[in-house]
Protein chains: 2
Amino acid sequence: MKYIEKLRNSGLRPTKQRIQICEVLFNTEKTFHFTINELEQKIKDKIDNKISLATVYNTVHAFEKKGYLKQIPINSNQTYFDTNVTDHHHFYDLKDGKLIDLENSDVGPIDIKRKINGKKIKSIEVLVKLED
Amino acid sequence: MKYIEKLRNSGLRPTKQRIQICEVLFNTEKTFHFTINELEQKIKDKIDNKISLATVYNTVHAFEKKGYLKQIPINSNQTYFDTNVTDHHHFYDLKDGKLIDLENSDVGPIDIKRKINGKKIKSIEVLVKLED
DNA sequence: TTTGTAGTTTATAATGGTTCTAAATAACTG
DNA sequence: CAGTTATTTAGAACCATTATAAACTACAAA
């Protein structure tokens with residue numbers, strides 16, 4: 001299994017649950033956005049054994065910390081995650097609440113002119129809200 | 001009272017509570033960011049009578065709908081609002097969770113090259129995360 | 001005024017996503 | 001294996017937010 005090494009290399013024990021969640025998250029052609037509930041559903045669909053909700057939360061947070069997932073800053077009652085951890089931005093369709101990737105090449109360079117003393121920029125995230 | 005007209009003009013009845021919340025939110029030299037809990041505290045400090053939590057929520061949402069407040073898209077367990085409704089962006093200091101305004105003039109123009117069929121851009125929001 | 005009505009406020013309950021807990025289980029190391 | 005530590009799990013707890021429904025208030029029409 002290709003994920004066993006990935007997990008071990010990040011200091012995470014390659015448990016059955018983590019490997020299965022890796023399959024659901026990363027064994028896909030395209031990256032995608034999800035909430036915990038959506039991920040839980042995907043897991044139910046693709047996997048025979050049950051994985052407890054707490055484990056899904058634990059795993060997603062562990063993966064986020066390791067940089068395998070990113071949270072998407074958006075105002076919603078649920079937290080959105082992205083399996084696309086490359087530098088990119090999002091459209092957010094207010095009508096249906098759906099997110100659409102905006103590749104970095106779709107956005108001109110972002111020039112932040114102001115500096116904050118003693119701080120450096122960790123990331124720049126652009127959210128483009130869409131309406132009809 | 002200057003807020004009575006403002007409220008009435010937006011189709012909101014100028015109740016005592018709404019006027020008082022206006023004072024707390026808008027009768028300041030500088031704009032500011034807040035969560036509902038922080039606003040509740042401010043209200044307690046500045047106002048003699050009690051305003052119920054539900055009213056604070058109702059009012060903030062009403063003001064947001066009318067465009068007097070903006071939600072700040074950020075991942076937090078609480079929702080952040082901004083009394084600065086002009087077009088601008090934010091630094092977010094990950095260390096202490098504080099937000100800092102980034103005036104539009106501090107950010108070069110943002111060029112969104114991709115279009116989504118039948119949708120138009122309502123807003124563009126940039127969140128610049130800071131670390132030490 | 002007075003009165004009717006629609007809008008607001010309020011305390012409290014309900015909701016629901018997320019986190020905590022502590023016991024059972026599984027992975028790892030020697 | 002045996003011992004240790006990490007992980008999983010079900011369920012409880014947490015807590016921001018929303019819903020409820022009764023009391024109250026602004027307002028307009030008579």
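Throughout, a chain's letter reflects where its sequence line sits, starting with A, and its residues are numbered from 1.
Only one option out of B:I4, B:L7, B:N27 pairs with B:C22 in a side-chain contact (heavy atoms from CB on, under 4.5 Å); it is B:L7.
B:D132 has no carboxylate O lying under 4.0 Å from a charged side-chain N of A:K120, or vice versa, which leaves the two without a salt bridge. Under 4.0 Å is where a charged nitrogen must lie from a carboxylate oxygen, and between B:E131 and A:K119 no such pair does. With respect to the salt-bridge test (charged N to carboxylate O, under 4.0 angstrom), the residues B:K70 and B:E64 do not qualify.
When the nucleotides D:dT7, C:dA11, C:dT9 are ranked by their closest atom to the side chain of A:T15, D:dT7 comes out on top. Minimum atom distance to the side chain of A:R8 is reached by C:dC28, of the listed C:dC28, D:dC27, D:dT9. Here C:dA27 is the nucleotide among D:dT9, C:dA27, D:dT7 with the atom lying nearest to any side-chain atom of A:P14. Comparing atom distances between the A:T59 side chain and each of C:dA11, C:dT9, D:dT8 picks out D:dT8 as nearest.
Between A:T86 and A:T31, every side-chain heavy-atom pair lies at or beyond the 4.5 Å cut-off.
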Using the 3.5 Å cut-off, write out each protein N or O paired with an N or O of nucleotides 18-24 of chain C and the distance between them.
residue, atom, partner, partner atom, Å
C:dT18, OP1, A:T79, N, 2.9
C:dT18, OP1, A:T79, OG1, 2.8
C:dT18, OP2, A:Y57, OH, 2.7
C:dT18, O5', A:Y57, OH, 3.2

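The terminal axes of the helix from C:dT1-D:dA30 to C:dG30-D:dC1, fitted over 5 pairs per end, subtend an angle of 30° to the nearest 10°.
If you check distances only, the side chain of A:R13 does reach the base of D:dT5 with a donor-acceptor pair under 3.5 Å.
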